[in-house]
Structures are given as C-alpha cells and as structure tokens.
Peer 1: 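Mind looking over this structure? Questions follow.
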Amino acid sequence: GNSVTQMEGPVTLSEEAFLTINCTYTATGYPSLFWYVQYPGEGLQLLLKATKADDKGSNKGFEATYRKETTSFHLEKGSVQVSDSAVYFCAASGGYQKVTFGIGTKLQVIP
Amino acid sequence: SQTIHQWPATLVQPVGSPLSLECTVEGTSNPNLYWYRQAAGRGLQLLFYSVGIGQISSEVPQNLSASRPQDRQFILSSKKLLLSDSGFYLCAWSPRGTVGSGNTIYFGEGSWLTVV
C-alpha cells in the first residue's frame, strides 16, 4: 500500500521566515498529492493539490511541486505569518478510493 | 454547494458504553464516504470507507463499526467503548469516481470523543 512520510515537528519559525515542510511518498502508479491544513480545534481543509508529475499546487502563498523522480511533494512558503500556525498533513491517493495521510507537521509561528 | 456535517462535536462516554457518531453530506449524490480517526501523535488513520449504500470497507480491525443507511448518511458506532477509542473522529466525503484521478476529500468539523 501507499505510505507518506513527513516530519512530525513541531516546527517553530519567526514571522516572515521561509517555510519548508518535507513530504515523501511511496505509491504504486501515479497518485494525486495533497496538502491539508488543520487549524486548532477544527477539521482538515484542503490547502493545495497536484495530480501529475511536475504540477505545482499553490494557495494562500503556499506552494508544492509534484516531483516524481524524488517521490516528493515538499510544502513551501516564502514568508510565514502567525495565522499560518496549524498542523499540515501531506497525503497521497492510491488504491481504491483511499487517501493515505502523513502523520502531520505542527507549525508554530511566533511574532 | 456541498456541505458536510457531523455530530456531536464533543462527547464524553464511560468505558463500556455505546457510541454513535453521525455524518451527513448535502449538495451531492453518490459520494464516497469516510471515517478517519486522529489520535494524539499518530496522524490520521482511515477506519472505514463506503462507495455506496450498505457497502462498507473496514481498514482496521477494532470494536468500531460503520453503516450507511442512506446515500448521504454515514454512521460510526460501537457497542462497548474502550479507553483506546478516545480521539478526534473525522467524517469525510469525495465525489463519485476514483480519488486517484485527483478528486479531493472534504472533511467535516470533527468529533472529540473522550472515553473515561
């Protein structure tokens, strides 16, 4: 089956710092890749996605590029804000109607 | 537009008591439905998914069960809760069709279950 690996964190950054959260996956075939964000006390929201190799997903200043050669989908943002503090989940589709999630990376941005 | 609701939002139940979490989706037909559990430090675990009424696939053997009595209703149940059942439960849906084609999974607000 598929698997998704990401650092658990927490990742602590100062406001306006550059963010990278690494995500690698193992999958058969060509999965679609997703980043979800979970703000404190809430459910998960889709942040961005990419459905094929070399696609770049972007939203709210976040970006991630589907790298088939390195099986990666790293999340980046050039300048984080306090309001970006949340848990970020990388995910990969695969198999019959299933999506596999990483363990989630907690991001804390301090003023 | 499509919406998903689950309830109750929080629940405190004694060990050995039954459980029923409900989830409904509006604004779409024939969705794929999912139950996930998020335990502290363990990420998201897929518990059940359903591609149609009465069709339930279980991912993890446990004392939980799921049912889909109507097209847009998904219920998570237990006859006797264990302490280890505590966690954050998320219902989700995706459009009919394979998730591998890029269909997104959309999540409900979540239900906090504490078993005491």
Side-chain angles (χ1 to χ4, degrees), chain A residues 1-10 21 23 25 27-57 59 64 66 68 73 86-106, chain B residues 2-10 21 23 25 30-52 55-60 66 68 74 87-112:
Chain A
N2 293 356
S3 68
V4 176
T5 301
Q6 61 178 118
M7 58 186 299
E8 186 173 0
I21 300 178
C23 171
Y25 66 91
T28 55
Y30 302 96
S32 294
L33 302 174
F34 308 84
W35 276 101
Y36 283 82
V37 58
Q38 184 181 33
Y39 297 103
E42 299 183 9
L44 274 70
Q45 304 172 25
L46 177 69
L47 180 60
L48 52 85
K49 70 177 183 182
T51 58
K52 60 183 186 296
D54 300 325
D55 267 2
K56 177 185 285 186
N59 185 26
Y66 190 144
K68 183 172 179 291
F73 194 54
V87 180
Y88 292 82
F89 291 88
C90 185
S93 66
Y96 185 58
Q97 314 295 18
K98 290 191 285 186
V99 174
T100 301
F101 287 82
I103 196 169
T105 301
K106 184 175 182 179
Chain B
Q2 301 87 5
T3 57
I4 178 170
H5 300 289
Q6 61 176 106
W7 67 93
T10 59
L21 299 179
C23 172
V25 180
N30 302 315
N32 301 318
L33 296 173
Y34 310 82
W35 278 110
Y36 284 86
R37 177 170 59 199
Q38 184 178 21
R42 296 184 60 185
L44 279 170
Q45 180 183 39
L46 177 62
L47 301 176
F48 302 94
Y49 68 93
S50 170
V51 299
Q55 300 179 60
I56 309 295
S57 296
S58 174
E59 289 296 298
V60 182
R68 184 171 178 171
F74 207 25
F88 190 48
Y89 289 82
L90 290 156
C91 182
W93 74 277
S94 68
R96 172 63 62 193
T98 61
V99 177
S101 63
N103 283 332
T104 300
I105 286 186
Y106 298 94
F107 287 85
E109 306 92 340
S111 299
W112 284 101

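The chains referred to below are lettered A, B, ... by the order of the sequence lines, with proteins before strands, and numbering in each begins at 1.
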Peer 1: At what distance, to the nearest 0.5 angstrom, does CG of B/Leu44 lie from OH of A/Tyr36?
Peer 2: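 Between B/Leu44 CG and A/Tyr36 OH, I get 10.0 Å after rounding to 0.5 Å.
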Peer 1: If you measure from CD on B/Gln38 to CD1 on A/Ile103, what distance do you get to the nearest 0.5 Å?
Peer 2: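 Going from CD on B/Gln38 over to CD1 on A/Ile103, the span is 10.0 Å.
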Peer 1: Answer yes or no: is there a side-chain heavy-atom contact under 4.5 Å between A/Val99 and B/Tyr36?
Peer 2: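 A/Val99 reaches B/Tyr36 side chain to side chain.
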Peer 1: Check B/Phe88 against A/Gln38 and note the closest heavy-atom contact, atom names and distance.
Peer 2: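 The answer is CE2-NE2, 3.3 Å.
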Peer 1: For the ring pair B/Phe107 and A/Phe101, is the centre-to-centre distance below 6.0 Å?
Peer 2: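 Ring centroids of B/Phe107 and A/Phe101 are less than 6.0 Å from each other.
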Peer 1: Non-hydrogen atoms of chain B under 4.5 Å away: do they reach the side chain of A/Leu46, the backbone, both or neither?
Peer 2: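 Interface part for A/Leu46: side chain.
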